Amino acid sequence: MPAPEVPENRVPEKPRLEGLEEKWGARWEADGTYRFDRSKSRSEIYAIDTPPPTVSGSLHVGHVFSYTHTDTVARFRRMRGREVFYPMGWDDNGLPTERRVQNYFGVRCDPALPYDPGFTPPDTPPSPPVAVSRPNFVELCLRLTVEDEKSFEELWRRLGLSVDWGMTYTTIAPEAQRASQRGFLRLLAKGEAYQSVAPTLWDVDFQTAIAQAELEDRELTGAYHRIRFGGPDGAAMEIDTTRPELIPACVALVAHPDDERYKPLFGSEATTPLFGVRVPVVAHPLAEPEKGTGVAMICTFGDVTDVTWWRELKLPVRTIVGRDGRILAEPPDGVSPSGAWQELTGRKMEPARTRIVELLRDSGDLVGEPRPVKHAVKFYERGTKPLEIVTSRQWFIRTLDHREALLARGRELRWHPPYMRARYESWVTGLNSDWLISRQRFFGVPVPLWYRLGDDGSVLYEEPLVPDESRLPVDPSTDVPEGFTADQRDQPGGFTGEPDVMDTWATSSLTPQIAGRWADDPDLFRRVFPMDVRPQAHEIIRTWLFSTVVRSHLEHGSLPWSDAAISGWVLDPDRKKMSKSKGNVVTPIGLLDQHGADAVRYWAASGRPGVDTAFDDGQMKVGRRLAIKILNASKFVLSRLSLLPAAPDAFEGNVTAALDKAMLAGLASLVEEATTAFEGYDYARALERTETFFWSFCDDYLELVKGRAYGGQGDEAAASANRALTLALSTMLRLFAPFLPFVTEEVWSWWKEGSVHRAAWPDGDELRQPDADPLVLDVASAVLGEVRKAKTVAQASMRADVARAVVRDTPERIAALMSVVSDLCDAGRITELVTREAETFSVEVTLAQ
RNA sequence: GGGCGCUUAGCUCAGCUGGCAAGAGCACAUCCCUUACAAGGAUGCGGUCGGGGGUUCGAGUCCCUCAGCGCCCACCA
């Protein structure tokens, strides 16, 4: 049978990985391969709530790791026939951007300054920094983030993320601000957002309030100071404290109600050393008799326990710490401005502590010497100084009232891996305050409110002026509330703008609403919400995941998504989390240059869901080798086939050989296993199984079938082999496509029309042959292995001829072996194959001379 | 203080509902230029599955307990 004319053989002579990323990246963009079709209905769509990376920093290996995980799932779902809604977002509002802009341009924001339309930043950052208005500052933030976002997009394209780049959002853009402000106003209308003047955690460097979710504990070395107070009965009362500088802020001494030592003193008064202020001795169950002397001083405010005591015992306030972290100029009520106060005022905490210890030692009120102690101190996670507690007016969203409902939402959500839910549970269970969303910062979404001013110029906070939703987004510092004119700003009887912005989480908690264009495109929103999956890292369960659940629960009465896929961290080889500060970060673009995108993705996809994974460039080399192997094996399968460029059915023919059927049966099981794994978000298992199958396919099946495929056993036998080979290749390419999008697309293009990434995910049922016996391939592989071993032991080439091979095995396996004798003899170059029944398997090999 | 996870070859890890005379890759050793692949291929060396106890015909796999590591949470004067 003469081979038909081949118009063009698309299999390259020497397949290479080089150039595939540029080639296919451009093609996917031109063809709109990953473009989202918004005409599809909710049930046809698979919607992903992509984490928007913080653009004021750089993408690191950890990002590459976790975004690859999501991309494999997106590609799987797309091939399964879902229309995948997979936008990218950039988180560009908030403190990180402010800090970067300050350093990059050498500016600082002064909200009191007027806007300067002609402002251009100096060429080199000046020191000290130039003060600029808030609108000027915001302009600079926008200018810098646009640049960052370009480079981020470039990296993601190199990595091969299958996002629709036409749907990108940013958290500072007007659309995001509109969604964020709308969400806030609706909570305000429902009474779920409220303002309160209360002691809150305060960062003295950033000079802003901090939410519970942004706290972290750090171990510091401090010292217990035993301090003598004047007791009510004339005797001394001693307390232990790590913060003696707060003595002037002391408002009471406290002991446990059942503490017999102090029971008689409750209700009487003690006197503070140095300041001579009389403070009550009170009882509260939080005081621990075993700790120190059993008596503690309550200050306003040294820590959150002080706040609890102060609130529950209705104590007065003696504020001594200012918002800049220094001791105030004016002493609190009852403290004399002369004497010890003069020694402390204006000092920061550390110097104040040093000084007051000297004073106490001089006055004889320090008992013994300070005893060093290691203790946990609360910090803002981005901060460098311990947090103080400052009384201020702040905005909150109610969470405590909804604790049970939020726990129920956590149980409704499907977690991958499931044990990650424990982190959510412990966070929600441990909530101790509502969600503080206002920040005294500049580059963020403004709290969209104004306040009426009284005739005396006082701010009437109780009467916020609310903009109509149609006006959003508004900036209260420049926009004017309905019914007022600009010249009434900050005038008695006029209005004033709310100066605060919302915390970045208050906006990013709405990523499903922002990406789905809740405020601007209700039709789209209905098609994508609630979404299918939130992929994210475990460290931000208490912030991003939690806050998103809160917003969706309060606004829509539902979960924001049905599944949460939690990824782990990348650890450096010393098992520490990779981070910039440790100086062990490898740049992602360098990795892609060195190993190639498919190889890097292979490493990433090998990391189990939720599991912290070691950075391992050995794995990337393995991934690269796998990609090369796919090129070469594909070339073998396709290159000699005469009908190559024609349609897939050019390889029509029946699979008749037992060996081919056995291989396809194994492949069918693989497809089912990979599908199940992917549906449970276990991409790593899908990859591992596919890879294992592929290597044994190459090592054993390909070797066994080679001679027959070339026509060594006649046309019909060759047809079976070639049919099975192409079927297997087509299947494996699709199984690998989510992981290795570039190399699979390349091979696909050699013989198929369209993108492999829009091809249908394989179906195990279509591969399975009715009378397949998997044993055939197993036995043949085992015998082939023994023959190879014999050749290796004899230090002979694999081409060496085998004069005679005696296979001993069970009758069942011998029967299976009989159906592949010709293939086996071809592959092993065996002249004579003899079988003997035996209990255990063995092969006796005699090489030809 | 409470909780979660991990502990399997030198290294990085699989091992899902108990059947494994314990697996992969890397590294290492020996051999092989074989027409898919020498930036390859073949073969091999290497582990009493953290310790102890229990359930079971049978445990890396289930239960108890101890230890180490990591993380999450906690009102840590």
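Since the model is a prediction, treat every value here as computed from it, not as a measurement. Just so we're on the same page: letters track the sequence lines, and every chain starts at 1.
Between A:Asp616 and A:Asp682, the residue anchored closer to the 5' end of RNA chain B is A:Asp616, taking for each the nucleotide with the nearest heavy atom. Ranked by how close their nearest RNA chain B nucleotide is to the 5' end, A:Lys629 and A:Gly618 are led by A:Gly618.
Enclosure of atom CD in A:Glu13 is not indicated, since only 12 or fewer non-hydrogen atoms of other residues, nucleotides or ligands lie within 6.0 angstrom. Within 6.0 Å of CD in A:Glu18 there are more than 12 heavy atoms belonging to other residues, nucleotides or ligands.
Judged by Watson-Crick or G-U wobble contacts below 3.5 Å, the nucleotide B:G5 has B:C69 as its partner. Base pairing of B:U61 is not made with any nucleotide, judged by Watson-Crick or G-U wobble geometry with both donor-acceptor distances under 3.5 Å. Under the Watson-Crick and G-U wobble criteria, each requiring two contacts below 3.5 Å, nucleotide B:A39 is left unpaired. Across all strands shown, the partner of B:G25 is B:C11, judged by Watson-Crick or G-U wobble contacts whose two distances both fall under 3.5 Å. Nucleotide B:C33 has no partner under the Watson-Crick or G-U criteria, as no pair reaches both atom distances under 3.5 Å. Within the shown strands, nothing qualifies as a pairing partner of B:C16 under the Watson-Crick or G-U definition with both distances less than 3.5 Å.
Atom P of B:G60 sits at a distance of 11 Å from the matching atom of B:C20, rounded to the whole Å. Taking the C1' atom of each, B:A27 and B:A67 are spaced 30 Å apart, rounded to whole Å.
Checking B:C37, B:U12, B:C26 against the side-chain heavy atoms of A:Val622 singles out B:C26 as nearest. Among the nucleotides B:A14, B:A42, B:C71, the one closest to any side-chain atom of A:Arg608 is B:A14. Closest contact between the side chain of A:Thr242 and the listed nucleotides B:A77, B:A42, B:A38 involves B:A77.
Looking at heavy atoms from C-beta onward, A:Tyr262 lies in side-chain contact with A:Met237 at the 4.5 angstrom threshold. With contacts defined as side-chain heavy-atom distances shorter than 4.5 Å, the pair A:Phe693/A:Leu735 does not qualify.
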